[in-house]
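Working notes, structure below.
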Amino acid sequence: MVNIGLTSRDVARELARRYSTMSHDELDLLESILVPMKFTKGEKILAEGEVCTNIYWVVKGLVRQFYYKNDKELTEHMAVENSIVMCIESLFKEKPSHLQIMALEPTVIYALPRQQLEKVAMKSLNIQILYRKILEESLINSQVHADMMRFESAQSKYAKLVKLHPQLVLRAPLVYIASYLQMTPETLSRVRTSALLGDGE
């Protein structure tokens with residue numbers, strides 16, 4: 001058992017609080033499949049070519065989801081505490097992932113193995129609801145990010161990130177924030193300076 005300061009029961013309760021009310025028996029079912037994991041800074045949670053078999057709940061730390069294109073590293077997603085991370089195509093098609101997941105800080109995660117989650121969901125309507133809401137949240141977050149990239153200016157992309165994910169802005173390296181927002185570090189630096197000057201007016 002990984003010693004991480006929170007029990008599986010604590011995590012099951014938090015997931016139930018966030019996504020679906022559960023009875024004690026349903027909490028027992030959910031708790032029974034949770035897998036605690038601990039990663040050092042820079043450690044891979046999922047490498048390119050591996051099949052993603054889990055939905056990851058970040059308990060502590062900061063993680064980055066990224067891929068390579070034309071020998072360039074591009075950030076797809078970042079997540080801090082109380083966030084879900086998964087490679088959804090690999091998870092459901094059971095095919096090797098192009099995406100990788102890495103810990104940017106010492107990180108504690110609880111994994112929800114998809115196959116086991118689907119088995120316990122067959123026994124509980126509330127766990128089915130939890131599963132559906134997790135997937136909905138992931139899809140909505142992906143859509144929000146895609147729309148932000150398509151329709152927003154550099155300034156409004158940064159402002160929206162500050163509003164939606166303030167911890168990411170405080171903790172993630174600027175090079176990854178720039179990549180996530182699809183701008184150069186130089187552009188991000190100018191946007192941040194402009195935002196700070198604007199706040200000071």
Side-chain angles (χ1 to χ4, degrees), residues 4-6 14 17-19 37-48 52 55-91 97-110 133-201:
I4 58 172
L6 278 180
E14 176 58 23
R17 185 195 69 77
R18 189 177 179 98
Y19 296 109
M37 308 172 86
K38 198 172 185 179
F39 299 92
T40 58
K41 181 179 178 178
E43 189 174 358
K44 291 275 183 70
I45 297 164
L46 184 77
E48 184 177 11
C52 182
I55 295 169
Y56 299 104
W57 173 254
V58 182
V59 170
K60 181 179 182 295
L62 170 65
V63 305
R64 179 173 74 109
Q65 200 171 38
F66 65 98
Y67 61 96
Y68 287 96
K69 183 177 181 181
N70 300 327
D71 295 323
K72 189 176 180 182
E73 206 175 86
L74 300 172
T75 299
E76 173 88 1
H77 179 63
M78 289 186 287
V80 295
E81 291 83 5
N82 301 320
S83 300
I84 287 289
V85 181
M86 70 183 94
C87 299
I88 198 161
E89 184 181 14
S90 177
L91 186 74
S97 176
H98 295 296
L99 295 171
Q100 304 188 57
I101 306 174
M102 175 186 283
L104 295 181
E105 297 175 355
T107 295
V108 173
I109 280 172
Y110 269 87
K133 286 187 174 180
I134 284 173
L135 296 179
E136 284 176 358
E137 181 179 283
S138 177
L139 291 168
I140 289 168
N141 287 341
S142 293
Q143 186 70 55
V144 167
H145 181 249
D147 286 349
M148 196 162 69
M149 295 308 102
R150 289 189 193 104
F151 305 122
E152 308 270 359
S153 67
Q155 288 83 1
S156 61
K157 284 192 287 189
Y158 180 71
K160 186 168 279 189
L161 183 65
V162 170
K163 182 179 179 182
L164 294 176
H165 305 290
Q167 283 295 314
L168 286 183
V169 176
L170 291 173
R171 291 159 58 182
L174 290 185
V175 64
Y176 298 147
I177 295 173
S179 177
Y180 178 66
L181 294 176
Q182 294 182 12
M183 60 179 77
T184 65
E186 293 77 18
T187 299
L188 176 60
S189 182
R190 287 197 299 271
V191 167
R192 283 165 59 93
T193 301
S194 175
L196 288 170
L197 291 173
D199 288 342
E201 289 174 356

Legend entry - Polar side-chain atom of T193 near backbone of S189 as donor-acceptor pair, under 3.5 Å: yes
[atom2] on [Y] to [atom1] on [X], rounded to 0.5 Å:
| X | Y | atom1 | atom2 | result |
| --- | --- | --- | --- | --- |
| R171 | E81 | CZ | CD | 4.0 Å |
| Q167 | N82 | CD | CG | 11.0 Å |
| L99 | H77 | CG | NE2 | 10.5 Å |
| D147 | S142 | CG | OG | 11.0 Å |
| L181 | T187 | CG | OG1 | 11.0 Å |
| L170 | L62 | CG | CG | 11.0 Å |

Taking the side chain as C-beta and beyond, is there a heavy-atom pair between [X] and [Y] under 4.5 Å?
| X | Y | result |
| --- | --- | --- |
| L168 | V80 | yes |
| I84 | I55 | yes |
| V58 | Y56 | no |
| V85 | W57 | no |
| L46 | C52 | yes |
| V191 | K157 | no |
| V169 | H165 | no |

Smallest separation among heavy atoms of [X] and [Y], with atom names:
| X | Y | result |
| --- | --- | --- |
| L188 | L174 | CD2-O, 3.4 Å |
| M102 | K44 | CE-CE, 3.7 Å |
| E48 | H98 | CG-O, 4.0 Å |
| K69 | L74 | CB-CD1, 3.8 Å |
| S138 | M86 | CB-CE, 3.7 Å |
| E43 | F39 | OE1-CA, 3.3 Å |

Inset, instruction - Mind telling me whether Y180 and H145 have parallel, tilted or perpendicular rings, with 30° and 60° as the class edges? - result: parallel
Legend entry - Residues E14, R17: salt bridge by 4.0 Å N-O rule: yes
Inset, instruction - Starting from the C-alpha separation in whole Å, work towards a yes-or-no answer on side-chain contact (heavy atoms from CB on, under 4.5 Å) for E73 and S179. - result: CA-CA 8 Å; E73 206 175 86; S179 177; over 6 Å; no
